[in-house]
Number of protein chains: 2
Amino acid sequence: MQRRMTKSQKVMLSAQDWAEAALDAIGRRGVEGVAVEPIARELGVTKGSFYWHFPNREALLVAALQRWEARETDEVLDRVQQETDPRARVKRLITEVNTSKKASRIYSALSSATKPAFVRDYVERVSKRRLDFIIDSYAALGLSADNARRWALMTFSVFLGSLQIRRDLPGEWPNADEPAFAEYVRFLMVSLMPSELDAANNTPAPDVPEWFARRGGHGF
Amino acid sequence: MQRRMTKSQKVMLSAQDWAEAALDAIGRRGVEGVAVEPIARELGVTKGSFYWHFPNREALLVAALQRWEARETDEVLDRVQQETDPRARVKRLITEVNTSKKASRIYSALSSATKPAFVRDYVERVSKRRLDFIIDSYAALGLSADNARRWALMTFSVFLGSLQIRRDLPGEWPNADEPAFAEYVRFLMVSLMPSELDAANNTPAPDVPEWFARRGGHGF
DNA sequence: GGCTTTCCATACGCTGGCGTATTGACACGC
DNA sequence: GCGTGTCAATACGCCAGCGTATGGAAAGCC
């Protein structure tokens with residue numbers, strides 16, 4: 001990628017560069033930390049540059065969010081969607097608990113943001129798209145709609161919770177190179193993957209749903 | 001609780017009142033939203049009151065965080081700790097996915113906060129205490145240390161993830177009064193509760209860990 | 001009823017970030 | 001080369017929030 005430059009070899013910034021820097025700032029300082037002048041300093045320019053590319057700060061946030069939404073849907077989901085076998089796809093889904101630290105920080109920063117109201121819309125769309133995709137993946141295993149939904153909610157919860165644990169308690173989470181990590185992922189694999197039995201009788205009896213008898217139901 | 005008042009029936013604020021208002025502000029506007037003058041307006045006073053009770057804004061944040069840490073440890077954990085039977089305790093733990101919306105908003109706001117560095121210390125302490133408690137609860141079922149840790153990590157992840165889903169996708173989460181909610185909780189109960197078999201043979205074979213054979217191991 | 005303590009109001013200066021206006025330096029078409 | 005368009009620096013006014021200083025009202029003490 002050849003960047004545009006001036007004759008004196010100084011980099012010319014584009015709106016995309018600003019949007020990317022804003023996304024990075026969201027990950028490091030939160031949405032409130034997306035301030036024009038600090039980002040300009042980080043980019044080595046002044047805000048005179050910014051207000052040529054954008055009308056105001058909100059427009060920068062929108063650009064960053066669009067960039068984020070596109071990445072989270074197109075890239076991440078496509079990466080899993082290439083798995084055609086339903087079971088392999090769900091397995092791939094489970095291993096996604098080990099996503100990049102930067103991506104997870106952006107996600108949770110946006111998730112807890114309140115001030116520009118439209119941020120919540122982006123978060124909601126991305127989250128819903130992810131959840132729906134997971135539901136579809138479980139449905140492809142032969143589960144009923146209700147059961148696919150339950151499994152997907154649990155798997156999505158594990159995914160989101162793992163991101164938070166890795167950030168809040170990095171010492172408690174096994175490193176990707178340790179054997180404990182691979183063991184934990186395999187543990188999740190067993191716990192988050194329904195058995196063929198679940199896929200078979202997925203017409204829940206009114207009193208005893210099929211998932212109830214899965215492992216015997218320990219007397220509750 | 002009798003509040004102190006002046007003769008003209010005007011409420012006298014205490015430092016605790018400010019800390020509580022700050023905690024509320026964290027839940028509604030995030031840590032950055034803890035601003036002295038806005039909170040003063042909400043409390044119906046001016047910041048002249050605040051700077052009598054506190055030296056500066058950081059002290060207010062510390063007071064709010066101390067209050068939060070005390071509540072999250074003493075209250076919440078004690079509520080579960082009253083269950084003496086190990087199995088009942090884990091079950092009680094799982095139903096805790098349905099905590100108050102306000103508490104969950106505070107937790108995630110603090111979790112994604114970056115600016116005052118000491119916030120992370122409080123979050124880490126509270127999170128670690130929660131996780132350790134869950135680990136102990138699973139260990140009380142007879143699981144080995146490694147297994148208790150795995151189950152606890154998954155359960156804690158589900159708990160944290162559920163909070164986030166309820167906030168980001170409130171429509172996707174079943175309401176507490178719907179039957180779907182009770183069904184989902186029972187589903188979690190089965191999925192997050194190890195079988196007696198797990199508790200029995202918890203000496204992992206080197207090649208085939210015991211959790212591997214739990215449900216047959218679907219060929220990975 | 002003075003005196004002190006407690007709690008709050010008011011007024012002020014300061015800083016950081018937003019947005020605008022103006023000017024300037026290249027690059028490019030022609 | 002000479003306008004014209006592109007990108008950026010500088011200077012300015014504005015506002016919100018922090019922290020300080022000072023004054024003041026009510027209550028308690030004796």
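The chains referred to below are lettered A, B, ... by the order of the sequence lines, with proteins before strands, and numbering in each begins at 1.
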Integer-rounded Å distance: [N] [atom2] and [X] [atom1]:
| X | N | atom1 | atom2 | value |
| --- | --- | --- | --- | --- |
| B:Phe54 | D:dT20 | CZ | C1' | 18 Å |
| A:Arg29 | C:dG17 | CZ | C1' | 12 Å |
| A:Leu60 | C:dG19 | CG | P | 10 Å |
| A:His53 | C:dG19 | NE2 | C1' | 17 Å |

A:Phe50 vs B:Trp52, nearer the 5' end of DNA chain C by closest nucleotide: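 The residue mapped nearer the 5' terminus is B:Trp52.
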
Run the side chain to side chain donor-acceptor pair (under 3.5 Å) test against [X] and tell me which residues pass, sequence neighbours left out.
| X | result |
| --- | --- |
| B:Asp177 | none |
| B:Ser104 | none |
| B:Arg129 | B:Glu69 |
| A:Glu172 | B:Lys128, B:Arg149 |

Any pair counted as ring pair (Phe, Tyr, Trp, His ring centres under 6.0 Å), so long as it reaches residues 23-50 of chain B, sequence neighbours left out: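 Those involving residues 23-50 of chain B are B:Trp18-B:Phe50, B:Phe50-B:Phe54.
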
Taking the six-membered ring for Trp, are B:Trp151 and A:Phe187 ring centroids under 6.0 Å apart?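 Close enough - the centres of the two rings lie under 6.0 Å apart.
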
Nucleotide N/O of nucleotides 12-18 of chain D paired with protein N/O under 3.5 Å:
residue	atom	partner	partner atom	Å
D:dG17	OP2	B:Arg41	NH2	3.4
D:dC18	OP1	B:Val36	N	3.1
D:dC18	OP2	B:Val36	N	2.8
D:dC18	OP2	B:Glu37	N	3.3
D:dC18	N4	B:Lys47	NZ	3.0

